[in-house]
Protein chains: 2
Amino acid sequence: MDLKLATQIGKCLSNQTRMQIMEWLKEPERNFPPHETLKHFNDGVCASYIQDKTKMSQSTISTYLTNMEKCGLLVMTRHGKWSYFKRNEKLIKAYTKYIIK
Amino acid sequence: MDLKLATQIGKCLSNQTRMQIMEWLKEPERNFPPHETLKHFNDGVCASYIQDKTKMSQSTISTYLTNMEKCGLLVMTRHGKWSYFKRNEKLIKAYTKYIIK
DNA sequence: CAAATATATCTATAATTCTCGATATATCAA
DNA sequence: TTGATATATCGAGAATTATAGATATATTTG
């Protein structure tokens, strides 16, 4: 973790929708309906379910998720035509360690 | 800690200069010269020393510090004509607890 | 292959943030 | 009180980010 990465993470976490997504992804089974094809949340939640819940446009949420994945906050796994996103707890922990004294 | 406050904190931590200030304030005696009037860093570091180190304008750094204090990241103490800023470890910890699963 | 579906990327405008100079306020020192 | 110094606030233009529609790409299905 360095200054640049930490500020990029801060940028992702400076928007209520994005922060809300991070919170929802703490408990996928609680916050999202079950996936119809995949029978689990092992790789997180598919982009369209996340989008539905935010009520924002597809392109906006896709951009959010892509950026959050680029800075490491989320991990993306593709299954067929679906993209699944889950929290990257390791990076989140590294970020919190960086800002704590 | 709630969604709104967490994103405000994220905003403060989304800028390299502000994040750098947070890092410097972890170790005032290491990163700043001793204060001439006050003989300690108990209340943190005075605004002008912080400004000097960033090489940015007085008004910009004053705005930064004021906003960081408003969202609780920093605690401000006034001694005479000087404003001293120190980290608010309690709030920082609350923020990290909020984002960690 | 063609159609349907999910996601990603491009482009442009709207909204917000950045940054500084100017100015105001507060305090100290003479 | 006057002048000097430290910090805060205001106002404006520059830079960045937000957001969505249009379009492109990728995958599945018939």
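Here is the naming used below: chain letters follow the sequence lines, and residue numbers restart at 1 for every chain.
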Practice task
Rounded off to whole Å, could you give me the CG-to-P distance for the Asn67(B) and dA8(D) pair?
Solution key: 11 Å
Exercise for the section: Whole angstrom is fine here: how far is it from CH2 in Trp82(B) over to C1' in dA29(C)? Expected result: 11 Å
Completion exercise
Rounded to the nearest 0.5 angstrom, the OG1-OH distance for Thr17(B) and Tyr64(B) is 5.0 Å
Practice task
Go through residues 73-81 of chain B and report each residue with a non-hydrogen atom lying under 4.0 Å from DNA chain C, sorted by number.
Solution key: Gly80(B), Lys81(B)
Problem - From dT19(C), dA8(D), dT19(D), nucleotide with atom closest to Thr66(B) side chain - result: dA8(D)
Fill in the blank from the handout: Between CZ of Phe85(B) and P of dA6(D) the distance, given in whole Å, is 15 Å
Exercise for the section: Keeping the roles fixed (side chain from Lys26(B), backbone from Ile100(A)), state whether a donor-acceptor pair exists under 3.5 Å. Expected result: yes
Practice task
With heavy atoms under 4.0 Å as the rule, sort Ser83(B) into base, sugar-phosphate or nothing.
Solution key: sugar-phosphate
Practice task
Check for a donor-acceptor pair, side chain of His35(B) on one end and backbone N or O of Val45(B) on the other, with a separation under 3.5 Å.
Solution key: no
Exercise for the section: Please report, rounded to the nearest Å, how far the C1' atom of dT7(D) is from the NZ atom of Lys70(B). Expected result: 13 Å
Practice task
List the steps, then state whether side-chain contact (heavy atoms from CB on, under 4.5 Å) holds for Thr77(A) with His79(A).
Solution key: CA-CA 7 Å; Thr77(A) 310; His79(A) 288 282; 3.7 Å; yes
Completion exercise
Note: contacts of residues 29-61 of chain B with DNA chain D (heavy atom, under 4.0 Å) are Cys46(B), Ala47(B), Ser48(B), Gln58(B), Ser59(B)
Practice task
Nearest whole angstrom, please: distance from the P of dT16(C) to the CG of Asn15(A).
Solution key: 12 Å
Practice task
Answer yes or no: does atom NZ of Lys93(A) have more than 12 heavy-atom neighbours from other residues, nucleotides or ligands under 6.0 Å?
Solution key: no
Exercise for the section: Measure from the side-chain N and O atoms of Arg30(B) to the backbone N and O of Phe32(B), and report whether any donor-acceptor pair falls under 3.5 Å. Expected result: no
Handout entry: Any Tyr84(A) side-chain N or O less than 4.0 Å from OP1/OP2 of dT7(C)
Key = no
Handout entry: Side-chain donor/acceptor of Ser14(B) to backbone N/O of Lys11(B), under 3.5 Å
Key = yes
Problem - Arg87(B) side chain to Met22(B) backbone, donor-acceptor under 3.5 Å - result: yes
Practice task
Starting at atom OH of Tyr64(A), determine the distance to atom P of dT17(D), rounded to an integer number of angstrom.
Solution key: 13 Å
Practice task
Compare side-chain N and O positions of Thr63(A) against OP1 and OP2 of dA8(C) and report whether any pair is under 4.0 Å apart.
Solution key: no
Practice task
Give a yes or no on whether Lys4(A) atom NZ has more than 12 heavy-atom contacts from other residues, nucleotides or ligands under 6.0 Å away.
Solution key: no
